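In listed order, ligands and their atoms are each counted from 1. No experiment lies behind these values; they were computed from the predicted model shown.
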Amino acid sequence: MLIPRSHPRAASLHIREKLVSGYRKGLVVEEGLLAHGRGEMFDYLVGEKTLKTSHAAIKAAAHMLLSAKHPVISVNGNMAALCAREIVRLAQVTGAEIEVNLFYASKKRKKAIANFLKKNGARKVLGFDAKFSQKIPRLDSARRVVDERGMFIADVVLVPLEDGDRTIALKKFGKKVITFDLNPMSRTAQTADITIVDNVTRGMELLVETCKKMKKSSLEKNFKFDNKKNLNQSILTIKNNLGRLSHA
Ligand code: ATP
Ligand code: MG
């Protein structure tokens, strides 16, 4: 379907089309479409633009990724469908590994996602070779399986659009966690070390550009970021947006 650029919801409808196309290619499951709907609702509440607080979180995330010894980008179906190019570019600029990890795991879908990432320029994709499987504790079956060359030994993990159980398990397993989550109140948002409250389709692009500008060799030594404070400010912005609408 062709959506005119002048349509008031053009951006969000294009994002939706990308996801549906990912669904048709076998990258995304039905549940992923529903999770996206939850995200769209929060995107509406933040005004479908990157908040000031999200810019601050992106800067902190770039700093953490560039300072990491073994950063990993965890990719699920929605993420691959929406941001394959940006995932590859982020891996290139930070030296991170790319690992497929699915809530609703199937070999076929993992393979489809890995192939799609490779089509978009990824040279190496981890997470689907049983030979390298390891398990993280305190998590049920499929989601606990990680790659011993990737998430198992990672110090920093970027887990966008993630479920709370898995984020909590990764934290308990000693990982520093960065996430993209449009809902600042979700368990993932509240548990991560750095939460970027932004649509991945906007935020990933900004994160790549920020990493490019922030050189590994000249990183600030005492970089500080207060995730709780930043999240509270994002929640306040949503509250103010709602207040403005209800007074209009
Ligand atoms: P949690 O398990 O962390 O409490 P949840 O159960 O409410 O969260 P999940 O389906 O587990 O939600 O996780 C998906 C999260 O991703 C949701 O918080 C949703 O708002 C967010 N999300 C969906 N699409 C996007 C997107 N395009 N960009 C950023 N965030 C998104
Ligand atoms: Mg959840």
Side-chain angles (χ1 to χ4, degrees), residues 9-23 27-51 53-58 61 73-87 90 100-105 109 113 136 138-144 157-173 175 177-208 227-228 230-231 234-235 237-239 241-242:
R9 308 232 78 77
S12 75
L13 292 178
H14 278 297
I15 300 169
R16 202 181 273 183
E17 298 245 305
K18 254 183 146 176
L19 201 75
V20 171
S21 155
Y23 173 71
L27 311 175
V28 173
V29 284
E30 283 90 348
E31 289 83 352
L33 301 176
L34 295 170
H36 185 74
R38 179 152 15 223
E40 278 187 351
M41 190 269 286
F42 280 99
D43 209 8
Y44 194 89
L45 294 179
V46 300
E48 292 177 341
K49 59 175 199 278
T50 307
L51 302 175
T53 44
S54 312
H55 281 288
I58 285 170
I73 307 168
S74 175
V75 180
N76 62 18
N78 285 33
M79 200 50 200
L82 295 177
C83 302
R85 283 253 158 81
E86 291 73 22
I87 292 166
L90 187 65
V100 180
N101 188 284
L102 306 179
F103 193 115
Y104 302 98
R109 194 156 74 95
I113 292 171
I136 51 172
R138 300 189 189 92
L139 203 56
D140 56 39
S141 57
R143 286 182 304 155
R144 62 194 297 201
V157 191
L158 173 65
V159 281
L161 323 181
E162 188 53 80
D163 174 60
D165 287 349
R166 188 152 176 271
T167 310
I168 292 164
L170 283 170
K171 277 302 302 167
K172 285 193 178 145
F173 197 41
K175 310 298 176 190
V177 172
I178 303 169
T179 193
F180 279 94
D181 196 327
L182 273 160
N183 176 5
M185 292 160 284
S186 76
R187 288 175 310 147
T188 290
Q190 293 285 331
T191 310
D193 295 279
I194 299 174
T195 307
I196 305 166
V197 179
D198 198 11
N199 200 309
V200 278
T201 56
R202 294 188 299 267
M204 275 293 281
E205 178 85 47
L206 288 168
L207 181 57
V208 172
N227 201 46
K228 278 269 142 39
N230 207 57
L231 273 173
S234 305
I235 294 169
T237 306
I238 290 177
K239 228 171 130 186
N241 286 349
L242 279 168

Can you find a pair of side-chain heavy atoms, one from V46 and one from T237, that are under 4.5 Å apart?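 They are not in side-chain contact.
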Taking the side chain as C-beta and beyond, is there a heavy-atom pair between R187 and D165 under 4.5 Å?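 They are in contact (side-chain heavy atoms under 4.5 Å apart), so the answer is yes.
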Do any nitrogen or oxygen atoms of [X] lie less than 3.5 angstrom from nitrogen or oxygen atoms of ligand 1?
X	value
F180	no
R187	yes
L182	yes
G164	yes

Return the closest protein heavy atom for [atom] as residue, atom name and distance.
atom	answer
atom 23 (C) of ligand 1	A35 O, 3.3 Å
atom 26 (C) of ligand 1	L161 CD2, 3.6 Å
atom 13 (O) of ligand 1	E162 O, 3.5 Å
atom 12 (O) of ligand 1	R38 NE, 3.9 Å
atom 27 (N) of ligand 1	N199 OD1, 3.1 Å
atom 11 (O) of ligand 1	D163 OD1, 3.2 Å
atom 8 (O) of ligand 1	S186 CB, 3.6 Å

Go through R166 and S74 one step at a time and tell me if the side-chain contact (heavy atoms from CB on, under 4.5 Å) criterion holds. CA-CA 11 Å; R166 188 152 176 271; S74 175; 3.6 Å; yes
Report yes or no: does E31 have a heavy atom closer than 4.0 Å to ligand 1?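 Checking ligand 1 against E31, which is what was asked, there is no heavy-atom contact under 4.0 Å.
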Does T201 have a heavy atom less than 4.0 Å from any atom of ligand 1?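 Heavy atoms of T201 never come under 4.0 Å of ligand 1.
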Criterion side chain to side chain contact (heavy atoms under 4.5 Å, CB included) against I194, the qualifying member of I178, N230, L158: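 One option only clears the test, and that one is I178.
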With K18 as reference, evaluate N78, V28, L82, L13 under the side chain to side chain contact (heavy atoms under 4.5 Å, CB included) test and give the passing residue.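 Among N78, V28, L82, L13, the one that satisfies the side chain to side chain contact (heavy atoms under 4.5 Å, CB included) with K18 is L82.
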Could you walk me through whether K175 and D193 pass salt bridge (Lys or Arg N to Asp or Glu O under 4.0 Å), step by step? CA-CA 9 Å; K175 310 298 176 190; D193 295 279; over 6 Å; no
With a cut-off of 4.0 Å, which atoms of ligand 1 are near a heavy atom of [X]?
X	result
V200	27 (N), 28 (N), 29 (C)
T188	3 (O)
D181	15 (C), 16 (O), 17 (C), 18 (O), 19 (C), 20 (O), 21 (C), 30 (N)
D198	28 (N), 29 (C)

Between R144 and F173, does the side-chain contact (heavy atoms from CB on, under 4.5 Å) criterion hold? Intermediate values first, please. CA-CA 11 Å; R144 62 194 297 201; F173 197 41; over 6 Å; no
Worked check of side chain to side chain donor-acceptor pair (under 3.5 Å) between T188 and D181: CA-CA 8 Å; T188 290; D181 196 327; 4.7 Å; no
Answer with side chain, backbone, both or neither: which part of D165 has a heavy atom less than 4.0 angstrom from an atom of ligand 1?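 Contact part for D165 vs ligand 1: neither.
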What's the atom name of the N, O or S in D163 nearest to the Mg ion (ligand 2)?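 Sorting the N, O and S atoms of D163 by distance to the Mg ion (ligand 2) puts OD1 first.
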More than 12 foreign heavy atoms under 6.0 Å from OH of Y23: is that the case here?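 Incorrect, the count does not exceed 12.
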Hydrogens and angles aside, do T50 and D198 bring a side-chain donor and acceptor to less than 3.5 Å of each other?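 Present: a donor and an acceptor within the cut-off.
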Report yes or no: do N227 and T195 form a side-chain donor-acceptor pair below 3.5 Å?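 There is such a pair between these side chains.
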Residue pair T179, T167: steps toward the side-chain contact (heavy atoms from CB on, under 4.5 Å) verdict: CA-CA 9 Å; T179 193; T167 310; 5.8 Å; no
